Structure formats: C-alpha cells, structure tokens
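Below is one structure, written out as structure tokens; comments come after it.
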Amino acid sequence: MFDESTGICMVKAGNAVTITPTVTDAIDPVYTWKHEGEIVSTELIYTYQSRQDRTGSFIHHFRVDASNGSVQDSVRIDVVEKTPPVISFPVPEEGIIIISGERYLVEPNVKFAEGATYEWVQNKEVVGTEENYWFERVDVGFHTLILTVTNEDGKTSETLQLEVIEHPGLTVSFEQEVYTVPIGRSLLLTPLITYSTGDTSFEWLVEDLNQLLGAESEFLFTPAEEGHYRITVKATEGKDITEASVIVHCTAAEGTYRRPVKSNSSQYSTVVYEFLPAPGQFVNEAFTGTTMEEVCPKVQARLDKMGYVSLGAFGGYIIVGFDHSIANVEGEYDFAVYGNAFSGSSEPGIVWVMQDENGNGLPDDTWYELKGSETDKPKTIRNYAVTYYKPAGIQMSVQWRDNQGQSGKVNYFGSFHPAPYYYPNWVSTQSYTLRGDTSGI
C-alpha cells in the first residue's frame, strides 16, 4: 500500500511530512488515518505536522473501507532532532595573537555543514562568505569576528576575538626548568628560539664564573663537581637582546642509584607515569578517566595483559618505568618497544630514555633521544610542535596547527569508531601542544 519499502518515514522536529499511499481497485473507498486510537485524517493523502518539542517514533494506521472489501496498513514516522550547525574555533589557551601585518587563516570546525552558507562579519560589515577567512590587520589591539553558518535546520553564530600585536622580537626559552647530569658526564643544552631572522649570536654564562663559556646556539656543559648550576644564554639579534636561564643539577656518579635485577623483577615495564596521546579514533575506547592520575593505572593494567594503547596522531606519548635498571650493553639490544605494525602499515615512533640520576624514583631527570632511522635525514624537522584544539561538540573532528604554519584536522570516523570525542577525556584544557621530530610535512 505504501511506496516506502521500509514502512518508515523520517521528519525533523517542527517540520511536516506528506504520506501518499497507493490504493488500487477500490470501489467507493472511505479512508481513515488513526494515531494512538484517534482519527487524525479521512483523506487519502495525509500530512503529519511534527511538534518542535517532541521526537521519537509514532505509528500511524491507514485503513481503506470500500464496497468490494477493506484493507489496512501502518507506517512509522520517526521524528528526529534538527541539526543546526555547531561551530568550533581552534583557539589556544593564550588566545589568538597575530603580528601586525601578517595574514592569519581562520579555519572553523563546523558540524552539520552540508549545504551550509557562511557569513563573516567585522565591524558590522560582511567581509567574507567562504568557509575559511584570511584575517589581516595592521592596527594593534583586539578585533572581533562573527561567523554565522546557516543550514536547512537553522543558523548558528559564534564570536572570535583576535589580538594584533607589534612584532615581539627574538625570544629564547628552555623546555625544562631543571636538568640533571651525573658527575663525569656532559649535558647538551639546546634552547628554543622563536621570532628569529636567523642572524643570531649567543653567549653562555655559568653563574659565579666570570668568563664566556660558549658562543654557539647549543652548549655542551660538563660540570666539575656535584651541585646546582645556574646557566644563562643571552641571544642577540640586531637591537633585540633576550636571555633565559636554566638550573642544572649535577648528581652523584652514574651507577650510584643503580637498581640490580632481582629474582622477582619483571621483564616488562611496571608503572605508567604519564599517558598523553594525541587525539585519535582509539584514544577514549579502551578506558575512561577524567585525570591523568586516574588513567595511568588503567593503562598499566592494560599493558599487564599484553594489550596495546593508542598514542593517537603526531606527538602522543607514554612514560613507563621498570622495577630495575636496564644495562646499556654495547652491540646488544637492551630493550624492545612493541607496536602494531603489519603488512603495508607501520607506525613509527621516537624513543627517549632517562636514567634515575637523582635517585628519587621519578622521571624528572634528563631525557635522551635514541637515534632513529630518520634522525639525520635532510627533511627531518627538529623541535616540531603541534597544537590540538578541543572541538565544541561531540562527534567532531579535532583541529590542529603546527609551528611550521600548517594546519589540518584529525578526522572523525563515526562509522568505524563512534566515540563522542577523539580528544582525550582527561585533558581539561581547550588546547594542548605536543613536540617531537618529524621526517617531513
């Protein structure tokens, strides 16, 4: 009787749907539509007007009484929520800061964007109608953009504030505030340099020593005795002069805090100190938690069962510890890291190691990167960084920006992994940055 092969019609809340059954060979027919026992129409063609505030499945019965017989059938009308656009902007914790005169590509993350139109407004003037918008201003201060996205179910507007500043000049910093090195060993200090034109000179000074100890961008420091050293690097570029300091703790000789292998020692890692994956489709599937302290024991429990954990996209990491010290035997494999490589697919990673140089049992000493297959390749980028931005709603892709001027998304694959978020549940901030090396972008 109905054309719909499934016997189901779908309509969005507040909209109407018209149902036209096919009736043949009926003599003097009388039509009756019933819903929940009440007659709602006596016409052949029935228009159902859904309510704005009511969703669900509603069965309607259609009956034909004719001189030559009677017949009836049913149709299910599914009323679903409307889906106006959801807009998410990639905004770092410090806000969007742009140098005067530079162009900045504003890329919104919009859910339910199929067939949508875009309108960008600044100072009450429409400045763009494309999905993305190139922002460029020379006047220093705060500027406001309003984006309105409209689809067949409605429209949504979001406001974005951007700050335009003068060129900040050269900056220098260290990734850590404190480094450790055992007596008899050397430590290579490499500061992070930003807003540099490339013509930068350096001076390295150790507190209480009145002499220049280095003039390169890196400094190999070999302490003469145990203790704390304050080391300062001064960077100069034209009229820009800036400096940064770091504390180096020279500990007892290597091996002082060595933990020998015992009869009950495990050949596997026994504790997870930190677990911070990049966003990804598997990130929130294996376990739940709202803080890293809550998640780490669950990750260790999974590793204890020889299970894998996902590190997500670029930069995700896990820090594990052992119940004994691992010997560095020349020419031998000291330990193994297992991955899920298979034919046609491999997921390379970077491995860092740390000795418990200060003997406190915590991963708060100096990390050393193991040389990998791509370390010395021309396209390898050192100190590469990616910032990920929490989406405004569920089941949305996660946007990212890197420190090379690139941007993109960790796409949402709901048909394969329908987790509400690919952004880690235990990251409470609206964005976070992960660093490492990459073999090219």
Side-chain angles (χ1 to χ4, degrees), residues 1-88 108-119 126 129-131 147-158 281-282 284-285 391-397 409 411-422:
M1 184 179 292
F2 292 109
D3 293 336
E4 293 82 358
S5 59
T6 62
I8 301 174
C9 294
M10 188 178 73
V11 63
K12 292 185 177 180
N15 291 354
V17 60
T18 297
I19 305 171
T20 305
T22 301
V23 179
T24 59
D25 302 324
I27 301 175
D28 300 324
V30 176
Y31 307 114
T32 306
W33 287 89
K34 284 187 176 182
H35 174 53
E36 295 181 345
E38 295 186 5
I39 296 176
V40 293
S41 177
T42 56
E43 302 293 330
L44 171 63
I45 299 174
Y46 173 54
T47 298
Y48 174 75
Q49 176 64 54
S50 67
R51 287 167 45 180
Q52 187 72 43
D53 60 347
R54 190 182 185 191
T55 59
S57 297
F58 306 96
I59 304 298
H60 287 68
H61 303 283
F62 176 66
R63 181 181 176 89
V64 181
D65 292 299
S67 299
N68 55 337
S70 300
V71 66
Q72 65 179 16
D73 201 350
S74 299
V75 62
R76 191 182 90 193
I77 301 177
D78 287 346
V79 181
V80 298
E81 293 279 2
K82 284 189 174 182
T83 54
V86 178
I87 304 173
S88 179
N109 187 7
V110 181
K111 186 179 181 181
F112 309 125
E114 184 176 356
T117 60
Y118 297 78
E119 183 182 81
V126 176
T129 57
E130 301 296 327
E131 178 180 355
L147 171 64
T148 299
V149 183
T150 305
N151 66 11
E152 64 178 5
D153 288 344
K155 65 180 180 180
T156 302
S157 296
E158 291 290 342
Q281 55 188 325
F282 301 104
N284 295 315
E285 283 194 350
I394 64 171
Q395 299 178 343
M396 295 180 69
S397 298
K409 295 179 181 179
N411 291 322
Y412 185 81
F413 298 106
S415 58
F416 297 100
H417 299 281
Y421 290 100
Y422 286 1

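These numbers were taken from a predicted model, which means no experiment stands behind them. As a basis for the values below, the full set of heavy atoms in this structure was taken, side chains included, without hydrogen atoms, waters or symmetry mates.
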Inset, instruction - Would you sort out whether Lys34 and Arg63 count as a side-chain contact (heavy atoms from CB on, under 4.5 Å), showing the intermediate values? - result: CA-CA 8 Å; Lys34 284 187 176 182; Arg63 181 181 176 89; over 6 Å; no

**OP:** Determine, stepwise, if the pair Val79 / Arg54 fulfils side-chain contact (heavy atoms from CB on, under 4.5 Å).
**Re:** CA-CA 8 Å; Val79 181; Arg54 190 182 185 191; over 6 Å; no

>> Walk me through whether Val64 and Tyr31 qualify under side-chain contact (heavy atoms from CB on, under 4.5 Å).
In response: CA-CA 5 Å; Val64 181; Tyr31 307 114; 3.8 Å; yes

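Looking at every heavy atom in both residues, Ala392 comes nearest to Ser88 through N-OG, 3.1 Å. Closest approach of Ala66 and Ala26 over heavy atoms only: CB-CB, 4.1 Å. In plain terms, the two heavy atoms of Ala419 and Tyr412 that are nearest each other are O-OH, 2.8 Å. Of all heavy-atom pairs spanning Pro84 and Phe112, the tightest one is O-CD1, 3.3 Å.
Checking side-chain atoms of Tyr422 against main-chain N and O of Phe413 turns up a donor-acceptor pair under 3.5 Å. Side-chain atoms of Ser50 come within 3.5 Å of backbone N or O of Asn15 as a donor-acceptor pair. Remark: the backbone N or O of Gly14 is paired with a side-chain donor or acceptor of Gln49 at under 3.5 angstrom. In this structure, the side chain of Asn284 does not engage the main chain of Pro420 through any donor-acceptor pair within 3.5 Å. The backbone N or O of Lys155 sits nowhere less than 3.5 Å from a side-chain atom of Thr150 that would complete a donor-acceptor pair. Between the side chain of His35 and the backbone N or O of Ile59 there is at least one donor-acceptor pair closer than 3.5 Å. Between the Asn68 side chain and the Ile27 main chain, a donor and an acceptor come within less than 3.5 Å of each other. Checked by atom type and distance alone, the side chain of Thr55 never pairs as donor or acceptor with a backbone atom of Val80 at under 3.5 Å. The closest donor-acceptor contact from the side chain of Asn109 to the backbone of Ser397 lies under 3.5 Å.
Taken from CD in Glu36 to NE2 in His61, the straight-line distance is 9.5 Å, to the nearest 0.5 Å. If you take CD on Glu43 and OG1 on Thr20, they are separated by 12.0 Å, rounding to the nearest 0.5 Å. In this structure, Met10 CE and Asp78 CG are separated by 8.0 Å, a value rounded to the nearest 0.5 Å.
The shortest side-chain heavy-atom distance between Val110 and Tyr118 falls under the 4.5 Å cut-off. By the 4.5 Å heavy-atom criterion applied to side chains, Thr18 and Tyr46 are not counted as neighbours. Counting only heavy atoms from C-beta outward, the side chains of Ile19 and Cys9 approach each other to under 4.5 Å. Annotation: side chain of Ile394 is in contact with side chain of Lys111 (closest heavy-atom distance under 4.5 Å).
Residues passing the salt bridge (charged side-chain N to carboxylate O under 4.0 Å, His left out) test with Lys12, sequence neighbours excluded: Glu152, Asp153.
Within 6.0 Å of CG on Asp25 lie no more than 12 heavy atoms contributed by other residues, nucleotides or ligands.
The side-chain contact (heavy atoms from CB on, under 4.5 Å) test with Trp33 is passed by exactly one of Val75, Leu44, Ile45: Val75.
Using bins of under 30°, 30° to 60° and over 60° for the plane-to-plane angle, the ring pair Tyr48/Phe58 lands in the tilted bin.
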